[in-house]
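Residue numbering restarts at 1 for every chain, and letters A, B, ... go by the order of the sequence lines.
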Protein chains: 2
Amino acid sequence: MAATDSAQQLREAILERFDELSPRLQQIGRYILDDPNSAGVETLAVISDRTGAPPSAIVRFAQTFGFNGAASMQRLLKDQLLAARPESGYHRRAREFLEGAEDTPLPGPVDLLAEFAGASALALEHLLQSVDHDRFEECVAMLREAETVHVAGFRRSFPVAAYLAYSLQRGGKRAILVDGIGGMAGLQANRIGKGDLLVGISFSPYADEMVSLAEHVAQAGTPIAIITDSPVGPVAKPANCLLQVRDTEVRGFRTLSGSMCLVQALAISYAFELTKISA
Amino acid sequence: MAATDSAQQLREAILERFDELSPRLQQIGRYILDDPNSAGVETLAVISDRTGAPPSAIVRFAQTFGFNGAASMQRLLKDQLLAARPESGYHRRAREFLEGAEDTPLPGPVDLLAEFAGASALALEHLLQSVDHDRFEECVAMLREAETVHVAGFRRSFPVAAYLAYSLQRGGKRAILVDGIGGMAGLQANRIGKGDLLVGISFSPYADEMVSLAEHVAQAGTPIAIITDSPVGPVAKPANCLLQVRDTEVRGFRTLSGSMCLVQALAISYAFELTKISA
DNA sequence: GGCTATATGGAATATGTGTTCCATTAACCG
DNA sequence: CGGTTAATGGAACACATATTCCATATAGCC
């Protein structure tokens, strides 16, 4: 078997011969295709852990593809990793964007991707500073004490709400996504009980559904946590706890990175408190 | 010993104390500042060769900055390079324990938020390099040519799909979110026409709905674009265009930052091509 | 120039790594 | 159902690596 001499060739070889590989070797091949960087740098024990395949199988895999051992294969992948980034593309593009480079009249798709990545990273950078730490912990406490958590978000905020509901469920919390499908937001709202919690996510321009939902729930005396961009917005008033997030904007499209990151952290914090108590 | 816990902090620490370091240690510090990637991955012997400093000096350098040894420092730099999966969970804990780690006893909510923000930012930083540029542009072209775009994603991928559908609509594209509510994914699939496009988003463990949906649509001859984490996963086969994304992981919870950013960029790129043509 | 304190390199060591080999298991086919 | 082949996991091994330790060199100071 002729030894592979470039990382790209190796990838292609694995793809080509993938079907005829044994299950174990497929397992290892999949890992290398999915994450060639880790595969090239991590120790065999770590790879073994992540793939579930014993070290000897990894060596066998490498030999199957013409290498002397796993070490040779890793050298290939490692070189590829190091060669690929001499302070490359991203930083330059991101910087150009942040400096307000108007000199690129026709940004291609990849440029836009770079812009967006830069803007998102920027949003995350400011997230820690803009979010009130005490409020954040307070919000986690509210999650903990709630019987059931109802999560609501419309239009642009809907994906964020969906993810929060999903994550809370995965963390063992009873969570319901108020999606308002078929105009049933009102009906769903009526099912929010006294010991429950409503988490509302809404940004300017605020969806009417969210505003009325929050006011309605507030009148029932149910606790409300709100994630929004302004403490004086219409959805902020009924909130018992308010988390302020400021997302960045690119060419008229606002990022979701900040909000997404925030709700992810919320869900994880909740899940983590459980394990801390049980431990 | 005040242990550094992020690569950026280490860089700053080296810069700050640089002048008061001994010549040899400066030599090593310079190398780490110049090429942190190699410094994190290469063996001590190699670094020794390149810097001219003996291995023991490298160890001493690491200890000067609060690490137990060179290995700990390299782990930090390596994680920065790989971005995803900062040597997750079990192994790191075990090692920290064996090394007598006194830190990270119990991370509070704010710590988790910080961790998450950091991990997400890193994921974004590496997104450009991990995404195949040609494929990305190809995918935008497919969006442009499609009559109607159907977006599908289940479980964890649902928020991503929801946002892509929303963004495309805002960008003037006829887009439909295949949400499978009430088990109607099958019915919705039948409405996907020949000139349409299916964008499927799915990550391991792959939802059965997505796999069968993709296969079903592929048989009808409809073009398919897939956003996933593995080129050999079950959803990858029917794809005409495949975008590979590797999301970061924090304490067992995977981030959505990479995928979200990618679909946002997709939608914007599409919208932008329209304005370019009309301009 | 002697003395002290610090810096340094290299040999010895201990730990961890990749690799080999073989017993065992599973799959396949007659 | 027996026999053959391929696949697999794990223990033993050999190797390389990071680390420690100490003898030596260097610089600073009285």
Is B:Glu215 salt-bridged to B:Lys237, going by a charged N under 4.0 Å from an acidic O?
no
Is the shortest heavy-atom distance from the side chain of A:Asp49 to the side chain of A:Glu42 under 4.5 Å?
no
Taking the side chain as everything from C-beta on, heavy atoms only, tell me whether A:Asp35 gets closer than 4.5 Å to A:Asn37.
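Heavy-atom side-chain distance check passes, below 4.5 Å.
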Please report the distance, rounded to the nearest Å, between [atom1] in [X] and [atom2] in [N].
{"X": "B:Leu25", "N": "D:dA27", "atom1": "CG", "atom2": "C1'", "result": "16 Å"}
{"X": "B:Gln74", "N": "D:dT17", "atom1": "CD", "atom2": "P", "result": "11 Å"}
{"X": "A:Ile47", "N": "C:dG16", "atom1": "CD1", "atom2": "P", "result": "18 Å"}
{"X": "B:Glu42", "N": "D:dA16", "atom1": "CD", "atom2": "P", "result": "17 Å"}
{"X": "B:Phe67", "N": "D:dA18", "atom1": "CZ", "atom2": "P", "result": "16 Å"}
{"X": "A:Phe61", "N": "C:dT19", "atom1": "CZ", "atom2": "C1'", "result": "17 Å"}
{"X": "B:Ile58", "N": "D:dT19", "atom1": "CD1", "atom2": "P", "result": "10 Å"}
{"X": "A:Leu44", "N": "C:dG18", "atom1": "CG", "atom2": "P", "result": "4 Å"}

Of the nucleotides [options], which has the atom closest to the [X] side chain?
{"X": "A:Ala71", "options": "D:dT8, C:dT19, D:dT20", "result": "C:dT19"}
{"X": "A:Ser56", "options": "C:dG18, C:dC21, C:dT8", "result": "C:dC21"}
{"X": "B:Pro55", "options": "C:dT19, D:dT19, C:dT20", "result": "D:dT19"}
{"X": "A:Ala70", "options": "C:dT19, D:dA18, D:dT8", "result": "C:dT19"}
{"X": "A:Arg60", "options": "D:dA18, C:dC21, D:dT8", "result": "D:dT8"}
{"X": "A:Ser22", "options": "C:dT20, D:dT8, D:dT17", "result": "D:dT8"}

Strictly distance-based, threshold 3.5 Å: is any side-chain N or O of A:Ser6 a donor or acceptor partner for the main-chain N or O of A:Gln9?
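Pair found, side chain donor or acceptor close to backbone of A:Gln9.
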Donor-acceptor contact below 3.5 Å, side chain B:Arg11 vs main chain B:Leu33
yes
Quick check on C:dT19: is either OP1 or OP2 less than 4.0 Å from any side-chain nitrogen or oxygen of A:Gln63?
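So the side chain of A:Gln63 is outside the cut-off, no N or O lying under 4.0 Å from OP1 or OP2 of C:dT19.
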